[in-house]
> 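Please see the structure below; I have some questions.
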Amino acid sequence: MMTMLATITPPSSTLKSTTTGYLKLHLKFSVSVSQSARRRCLDHRVVAAASNTSNLVEEFDPEIPVERALTPPSSWYTDHQFHRGELDRVFYGGWQVVGCSDHIKDNRDFFTGRLGEVEFVVCRDDDGTINAFHNVCSHHASILASGSGRKSCFVCPYHGWTYSLNGSLVKATRMTGIENSALNEMGLKPLRVAVWGPFVLLKVTQATWKKEEDVESDGLVASEWLGSSSGRLSEGGVDSHLSFICRREYTIDCNWKVFCDNYLDGGYHVPYAHKGLMSGLDLETYSTTLFERVSIQECGGGGSKAGEEDGGFDRLGSQALYAFVYPNFMINRYGPWMDTNLVIPLGPRKCKVVFDYFLDPSLKDDEAFIRRSLEESERVQMEDAVLCENVQRGLESPAYDKGRYALVEKAMHHFHCLLHRNLKI
């Protein structure tokens, strides 16, 4: 027996209403589930990334002395998550050299820069006070200033918001009638700034800081930044009055730590990679002294003998001092010269190295001496760039994971131990 089932068709308006309601409910539920799933996925990724970084960190044991230690694994130099962790734990929060005081010598001078995701601007205002700020407009986040030079104020290139050199907002265009806008609280976000010798330092952080909080003297900053090495560096003439000569920048296809490692190998690579430099150094006198966050390598120079063999030209003098200030700053003091190297991470496989050159004022007008000295320095930098890029390629090879230290590489081991201390969770 066949049973006929009645088909009831609701009025079109009822069908439309029912369907729309169902779709809205379904869509709302789907969006809620989707957002919840995304949040869980993101949380899982964050936890997984932190766990992975922690595992990589623990592959290096700082308690093992250099005589028996293995170097950190190659993943420290190639892994994106590890690089992200370095920015947060190594570069944000501590004092960092970002420039030299010659760049803000006069009122209204300024310079800009970037470290990780932090854009900054440093300036000297009309009262002669040195200020530093996040280089981001409070209106719609445009980068405010670029490069370096002189300004009486900072004018946003996007919508014309204007800030004084002390960071206060002095003009907000077309904001008449806008409610609940505390424009007096929308000045530039300050950063801590200090000066030691010729160096300008920032305490770079992604968090905001109020200028009236915890203002530290330059002496306290030096103590925190250099520890007990500050006296030795002063004795070596690092903070003496020198004339700024020039700046040169190099982009190198290697992890920032590869460049640091190369600097910290106790002169190990010099006889093989820098034959010209070697002729002016007495590597038998090479020594390394470790401080809290600083290592100092010293070496006798060729002095008058080297000058006699080279027609009277002597760039290095009788003693060379190479100081590494954790995590990424090098100070090289030799003869009448000082040059500094600031290593800025640009990703896990790229960095920028900023060289600033300073010279004894008595020689600042000797163009021939300056030109030849810079040519010799340039040759050494090019040789180092080739070394570092070759090491990076080798680190990315499946043939390599960990290596060993030579005894002369204790400054490099010290650097890796400091990294481990910062990175461990």
Side-chain angles (χ1 to χ4, degrees), residues 97 99-103 105 148 197-200 233-252 259-260 262-267 269-283 285-286 296-325 329-344 352-388:
V97 171
C100 64
S101 55
D102 266 63
H103 294 153
K105 183 167 51 178
S148 61
F199 310 127
V200 177
L233 293 176
S234 292
E235 291 171 7
V238 168
D239 61 345
S240 59
H241 177 68
L242 299 170
S243 296
F244 176 76
I245 300 300
C246 67
R247 165 172 288 188
R248 293 184 175 178
E249 299 183 355
Y250 305 86
T251 299
I252 305 176
F259 189 91
C260 295
N262 178 69
Y263 185 87
L264 294 169
D265 76 352
H269 71 285
V270 171
Y272 311 101
H274 303 312
K275 298 189 184 301
L277 176 62
M278 181 186 173
S279 64
L281 295 173
D282 181 5
L283 293 180
T285 66
Y286 215 101
I296 296 178
Q297 303 172 86
E298 296 180 81
C299 182
S304 59
K305 180 180 178 182
E308 291 170 5
E309 295 175 352
D310 203 8
F313 175 78
D314 180 19
R315 178 175 72 100
L316 299 177
S318 61
Q319 186 75 15
L321 179 150
Y322 305 104
F324 176 79
V325 184
F329 189 60
M330 297 93 165
I331 307 170
N332 311 303
R333 189 72 168 94
Y334 48 92
W337 283 100
M338 180 173 75
D339 68 72
T340 62
N341 321 144
L342 177 64
V343 189
I344 302 171
K352 179 169 72 174
V353 186
V354 180
F355 281 73
D356 285 332
Y357 291 89
F358 306 82
L359 184 62
D360 188 285
S362 65
L363 293 168
K364 68 178 182 179
D365 296 321
D366 190 337
E367 295 182 2
F369 178 76
I370 292 172
R371 181 176 62 254
R372 183 167 177 187
S373 295
L374 293 177
E375 286 173 354
E376 291 204 0
S377 178
E378 176 85 5
R379 185 182 67 248
V380 173
Q381 311 324 320
M382 292 298 97
E383 291 167 349
D384 275 332
V386 171
L387 294 176
C388 292

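Since the structure is predicted, the reported quantities are computational estimates derived from the model, not experimental observations.
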> Roughly how far, to the nearest 0.5 Å, is the OG1 atom of Thr251 from the CD1 atom of Ile344?
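Atom-to-atom, Ile344:CD1 and Thr251:OG1 are 9.5 Å apart.
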> Do Val270 and Tyr286 pass the side-chain contact (heavy atoms from CB on, under 4.5 Å) test, and can you show the C-alpha distance, the side-chain angles, and the key distance before you say yes or no?
CA-CA 12 Å; Val270 171; Tyr286 215 101; 5.8 Å; no
> Can you find a heavy atom in the side chain of Cys246 that is under 4.5 Å from one in the side chain of Leu374?
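A side-chain contact under 4.5 Å exists here.
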> With the side chain counted from C-beta on, respond yes when His269 and Asp384 share a heavy-atom pair under 4.5 Å apart, and no when they do not.
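Answer yes - side chains close enough.
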> Under 4.5 Å between any side-chain heavy atoms of His103 and Arg247, yes or no?
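Yes. Closest side-chain heavy atoms under 4.5 Å.
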> Nearest 0.5 angstrom please: Leu242 CG to Trp337 CH2, how far?
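These two atoms lie 10.0 Å from each other.
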> If we ignore angles and hydrogens, is there a donor and acceptor under 3.5 Å between the side chains of Tyr263 and Asn332?
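The criterion, which ignores hydrogens and geometry beyond distance, is satisfied for Asn332 and Tyr263.
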> Do Phe199 and Asp239 come within less than 4.5 Å of each other through their side chains, counting heavy atoms only?
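No, every pair of side-chain atoms sits at 4.5 Å or beyond.
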> Leu233 and Ile296: side-chain contact (heavy atoms from CB on, under 4.5 Å), yes or no, with the steps?
CA-CA 9 Å; Leu233 293 176; Ile296 296 178; 3.7 Å; yes
> What verdict does the side-chain contact (heavy atoms from CB on, under 4.5 Å) test give for Glu378 and Phe355, after you've listed the backbone C-alpha separation in whole Å, the side-chain angles of each residue and the deciding distance to 0.1 Å?
CA-CA 10 Å; Glu378 176 85 5; Phe355 281 73; over 6 Å; no
> Check the pair Leu359 / Phe369 against side-chain contact (heavy atoms from CB on, under 4.5 Å), numbers first and verdict last.
CA-CA 11 Å; Leu359 184 62; Phe369 178 76; 4.1 Å; yes
> Taking all non-hydrogen atoms of both residues into account, name the closest pair between Ala273 and Glu383 and its distance.
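So the two residues come closest at O-OE1, 3.1 Å.
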> I'd like to know if the side chain of Thr285 and the backbone of Gly300 have a donor-acceptor N/O pair within less than 3.5 Å.
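Here the side-chain-to-backbone pair exists.
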> If you round to the nearest 0.5 Å, how far is CG of Leu363 from CD1 of Ile370?
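Rounded to the nearest 0.5 Å, the CD1-CG separation comes out at 7.5 Å.
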> Within this structure, what is the CD-CG distance for the pair Glu235 and Leu321, rounded to the nearest 0.5 Å?
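Result: 10.0 Å between the selected atoms.
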> Quick check for you: to the nearest 0.5 Å, what is the distance between Met338 atom CE and Phe244 atom CZ?
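Atom-to-atom, Met338:CE and Phe244:CZ are 10.5 Å apart.
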> Less than 3.5 Å apart, any donor N or O on the side chain of Ser377 or Tyr357 sitting next to an acceptor on the other?
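A donor-acceptor contact under 3.5 Å links the two side chains.
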> In Å, rounded to the nearest 0.5 Å, how long is the span from CD of Gln297 to OH of Tyr322?
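Going from CD on Gln297 over to OH on Tyr322, the span is 9.0 Å.
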> Nearest heavy-atom pair of Cys388 and Ile252: which atoms, and what distance?
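That would be CB-CG2, 4.3 Å.
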> If you look at every heavy atom in Gly197 and Ser101, which pair is closest and at what distance?
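Heavy-atom minimum between the residues: O-OG, 4.0 Å.
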